[in-house]
Amino acid sequence: MLACRMGNMAKIELNEAQRRAVEHSSGPLLIIAGAGTGKTRVITQRIVRLVEKGVSPENILALTFSNKAAGEMAERTERMLGAKADDIWIGTFHSFCAELLRDHGLLAGLDPFFTVLTEAQQHLLLESHLDELELRRYALKGRANGLVTALLTAFSRAKDEMITSQEYLRFAAGKRDELEAAGGADDEAEEEVGCLEEVARAYELYDRVLSERGALDFGGLILATIRMLTDHPAILSRVRARFTHILVDEFQDTNFAQSVLVDLLVAEHGNVCVVGDDDQSIYRFRGASIKNILDFQTKHPEALVVKLTKNYRSGRRILDASHSVVSKNGARLEKRLSARHDDALVEAFVAASDEEEAGEVASRIEELVESGVEPREIAILLRSVKGQGADILKALEGRGIPHDLVDGALLAEEAEVRDAIAWLKVIDNPFDAESMARLLSAPPIRLDPIELCRLSHWARQSRRSLFEVAQNPSDVGGLDRDTGLRAQEVTGVIRRLAGKAHRVTAEQIVHEALNRSGYRAWLAARGPEAAVPLANLAQLERLAAEFTGFEKAGLRSFLDYVDMIRDAELREKGTQAKSGGVQVMTMHAAKGLEFEVVFMAGLGQSKIPGRRRPSAIEIPEALLKEQLPESDHREAHVAEERRLFYVAMTRARKRLLMSYALGEGERPAKASQFLTDCIDFGIELSRARPVTSQEGWNDEELPALSAASSYKDFLDINEDGGLSLSYSDLDCYRTCPMQFKLSRIYRIPGKPSPERSFGTLVHSVLEHFHRSCPREEASFERLAGLFEEAWQARRLGDGTRQRQFKQQALDGLRGYAEEFLRTEAVPTFFERDFNLRVGPHMLRGRVDRVDVLPGGGHELIDYKVGRTWDDRRVREDLQLSVYQMGAAEVWSIEPVQLSYYFILDNKRVSLRRCEEELEQARQMILEAAEGILSEDFEPREGYISCRYCDYTLVCPAKDR
DNA sequence: TAATTTATGTTTTTT
DNA sequence: ACATAAATTA
Ligand SMILES: Nc1ncnc2c1ncn2[C@@H]1O[C@H](COP(=O)(O)OP(=O)(O)OP(=O)(O)O)[C@@H](O)[C@H]1O
């Protein structure tokens, strides 16, 4: 059978340029393979020809970037050459280096039993050693693990550029000397040098920890190989003798270190064939250096250069339009692709909103599919799936169009994995209410939401945990008997597992939990549709096994590890469902693929090119060894995004549809400059059909209404049908309706956090201070004494955070006391309540402090313990408006001034709302109350709000 | 034209 | 929260 295939494939057609590239015998060869010009065919054929011409297969080395690319190349050569192909070395740069190091490492004095660390393991190692350094400059701000991520990215980039930690340290020391020589007190330069030193020290520490462990990271594999080959000429010549013919795929994506490695390998025989397309270089952010392909001819003047320009994929119009985009880049190898066919249509449209754009894309796809196009032959390419994918997926789902999100599955975000995590978290800590709530709602128990509310409310009332209440379900009024029994049963399973958890490894407990919980069995019983979830659970077990092997730690650490993987967005990939539907993916993921029809959506100027985003820690340009440093970062960024746009366009065979949305903001969004290039070229821009109300929203309305009557039992509703809410309830709903549902209706308790404890502490200390001592007796010492007492009484502890906060708080309180003694305002009321009527609703509020000012007017003060808000936040804030109305209508006090007092910064921000603003506030309150009554609990995923939310594990919006 | 205010949008991925 | 691009003002 093989022979038969070989016979067919051996006569593969090649055009003239392809043939030249394939037949070229020895010496350097640069194949500039434009998009769709048959690069794959040429590489495979070239390998075949080398073998036919008598080159021994084991002398051939073909290097790729991804395992996938290596696998495909191996498969093709196997098909052509049969068993002979087995001896050809086809692999990634990294796998090649790893093998060389294992084979020859001993000779070079290296440990051949080194391990290669995954990204997550790199995090574990660095994180556990970082406190040895006592870094001060880079505070852990933003995302948790932000510092570790930033450092590891920087180390990885440094290795791409062959910069060692020693060089980094030396560079930092040099800068320090310069600074000192200059004398003077330049704070900014001092800060910069300080940062440099800290990064350098962390880099040195990281590499030391790795080598002590006998471990290498990915960049380390390349560097160690280069070092081995340079330091040991004997090994180098053996390797050179072995690999006499070397091919490198996607050469435009090689980084500096990889190019050095290739140079080292081919220096003697010069039989190096590199294939790539400078116009498709889109991985600069991970070290790809387009310079390698641009300078190949300078490095190898004798090289044969073959340009493949006959495009076998796209119709003429597509190629012409894409050329009008990419040709605007300077510093590119000029090439003009020619089309084989004329069957191509390029269109563009603009929509009013993202939803409308998505709707238009979906309805055009519907038409295409009806007219006979295979869904799998249609792709939707986005700059960012994370940011832009939701609307598109929703539109496709709404119309029942089958689709696959390519490469989108992250293990830690899959619903079934999150269910399993909930089990594990409860096993680790039965008082974890959020996890317990998820566990009870999930299979196999599948507690009805209303029953969960009953349990949870009873837990609140009886001051017990959800777990304890589930243990004694008969106490819960109104609970369905059967439900109660199932909940009770599950607590037994959890207790047994918990009893075991601290005696066994993470791997074992994960395995047991999946089985004993009945979760896996429940899935398995669902049949084929559960194949993907089951695979993901198996993957979770695999992760636990790997973790156990690496850390020898228990369940708690494993759970932290999984949280870290999620927070740092490390790509532990889950299994992806494949339905053969419309292919939704990033433009990056589309590289190398082709489709009959391509939609490029979300093409606003702010999305592509968007703004340049410098990495958190940039490698100093002076350390780079190539003369690459781009003079203009913005220009380099736009050029890269232009190439990305070009890559996306050239994926289409026959139809290309580009679109963007104006958006609902005050300023209409602008079209991407690349889309504008297309329009200037002659592509027609039309207007999307506006969404008709029935199109987008056919789902969900009914179930929400039917559920409406049931949740009413858990809301505080008065006789005339209005709601009774506290200001904080209102604020919660406005932040995220789903958060409101989980915290106020399901009554899942929030998680205690140091910030929260600090906040309540400061509030109560201030109340006590003012109530207990008149101005004559007041002093900072008195206040500090009360603070200290309260601190002790609450046992807040003295960790780093605690000490830091304490210092800040005392500084702030000193200012507070001074201010208090200086002014003549008389604090008159403390923690004073009101209950304000707004329409049919009642809104409760509590004002921290009310002062009578010297002129006789009143000032309402609310303490804030945290960073001072910016103007905008204060302007748009609702709280003081509510207080102003409350004071006026309930206490008959018209305050002359309302203030936020930011205690830690000792700053007061004051305002007074005018009637118009108060009316707006009333409207907002009514709107929120209506939303609650109509059971609108749509999650609102905000950039900030999700980060501080206590309910991310139960939140349905976070399930993939 | 330069300075200031206001609105906007928060990636991409492999080893 | 924060940086940055665009719009507005001096
Ligand atoms: N000589 C040829 N005659 C006919 N078809 C060809 C020839 N060479 C290549 N093709 C076809 O051209 C198409 C594009 O080839 P391939 O996917 O290898 O492109 P590519 O160069 O890798 O493109 P890109 O860089 O855009 O991914 C394939 O369908 C391939 O079969």
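Keep in mind it's a predicted model, so treat the numbers as computed, not measured. The basis for the numbers below is simple: all heavy atoms, side chains too, and nothing from hydrogens, waters or symmetry mates. Just so we're on the same page: letters track the sequence lines, and every chain starts at 1.
Here A/Ser384 reaches the OP1 or OP2 of B/dT12: one of its side-chain N or O atoms lies under 4.0 Å away. Of the side-chain N and O atoms in A/Arg867, one or more sit less than 4.0 angstrom from OP1 or OP2 of C/dC2. Within the structure, a side-chain polar atom (N or O) of A/Lys573 is placed less than 4.0 Å from OP1 or OP2 of B/dT14. Of the side-chain N and O atoms in A/Ser606, one or more sit less than 4.0 angstrom from OP1 or OP2 of B/dG9. Look at A/Asn67 and you'll find a side-chain N or O under 4.0 angstrom from OP1 or OP2 of B/dT15.
Atom-to-atom, CD of A/Glu99 to C1' of B/dT15 comes out at 15 Å; the value is rounded to the nearest Å. The distance from atom CD of A/Glu664 to atom C1' of B/dT8 is 14 Å, rounded to the nearest whole Å. The separation between A/Arg157 atom CZ and B/dT12 atom P is 18 Å, rounded to whole Å. Computed from coordinates, the A/Gln122 CD to B/dT14 C1' distance equals 12 Å when rounded to whole Å. Rounded to an integer number of Å, the gap from CZ of A/Arg613 to P of C/dA3 is 13 Å. Atom CD1 of A/Ile944 is separated from atom C1' of C/dA3 by 13 Å (rounded to the nearest Å). Protein atom CD of A/Glu755 is 15 Å distant from nucleotide atom C1' of C/dA1, rounded to whole Å. Atom pair A/Arg611:CZ and C/dC2:C1' shows a separation of 8 Å (rounding to whole Å applied).
Judged by centroid separation below 5.5 Å and plane tilt below 30°, A/Phe65 does not stack onto the base of B/dT15.
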Step by step, would you call A/Arg612 with A/Glu640 a salt bridge (Lys or Arg N to Asp or Glu O under 4.0 Å)? CA-CA 11 Å; A/Arg612 190 181 87 93; A/Glu640 171 108 342; over 6 Å; no
- Task: In sequence, state the C-alpha distance, the side-chain angles, and the governing distance for A/Phe550 and A/Tyr561, and then conclude on ring pair (Phe, Tyr, Trp, His ring centres under 6.0 Å).
- Result: CA-CA 12 Å; A/Phe550 187 75; A/Tyr561 178 68; 8.1 Å; no
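Base contact: A/Arg571 has a heavy atom under 4.0 Å from a base atom. Heavy atoms of A/Val385 sit under 4.0 angstrom from primed sugar atoms or phosphate atoms, though from no base atom. Here A/Tyr283 lies in heavy-atom contact (under 4.0 Å) with sugar-phosphate atoms only.
Checked against C/dA7, B/dT11, B/dT14, the side chain of A/Arg667 finds its nearest nucleotide in C/dA7. Of the candidate nucleotides B/dT13, B/dT14, B/dT10, B/dT10 has the atom lying nearest to any side-chain atom of A/Lys607. Closest contact between the side chain of A/Thr92 and the listed nucleotides B/dT11, B/dT15, C/dA5 involves B/dT15. For A/Arg383, the listed nucleotide lying nearest its side chain is B/dT11; candidates were B/dT11, C/dA5, B/dT10. Picking from B/dT10, B/dT13, B/dG9 the nucleotide with the shortest atom distance to the side chain of A/Arg286 gives B/dT13. Among the nucleotides B/dT15, B/dA7, B/dT12, the one closest to the side chain of A/Glu666 is B/dA7.
For A/Lys864 and A/Gln879, the side-chain atoms include at least one donor-acceptor pair closer than 3.5 Å. The closest side-chain donor-acceptor pair between A/Asn329 and A/Tyr646, if any, does not fall under 3.5 angstrom.
Rounded to whole Å, the P atom of C/dA3 lies 16 Å from the corresponding atom of B/dT11.
Residue-environment remark: CZ (A/Arg102) exceeds the threshold of 12 foreign heavy atoms within 6.0 Å.
Aromatic ring pairs are classed by plane angle as parallel below 30°, tilted from 30° to 60° and perpendicular above 60°; the pair A/Tyr203 and A/Phe155 is parallel.
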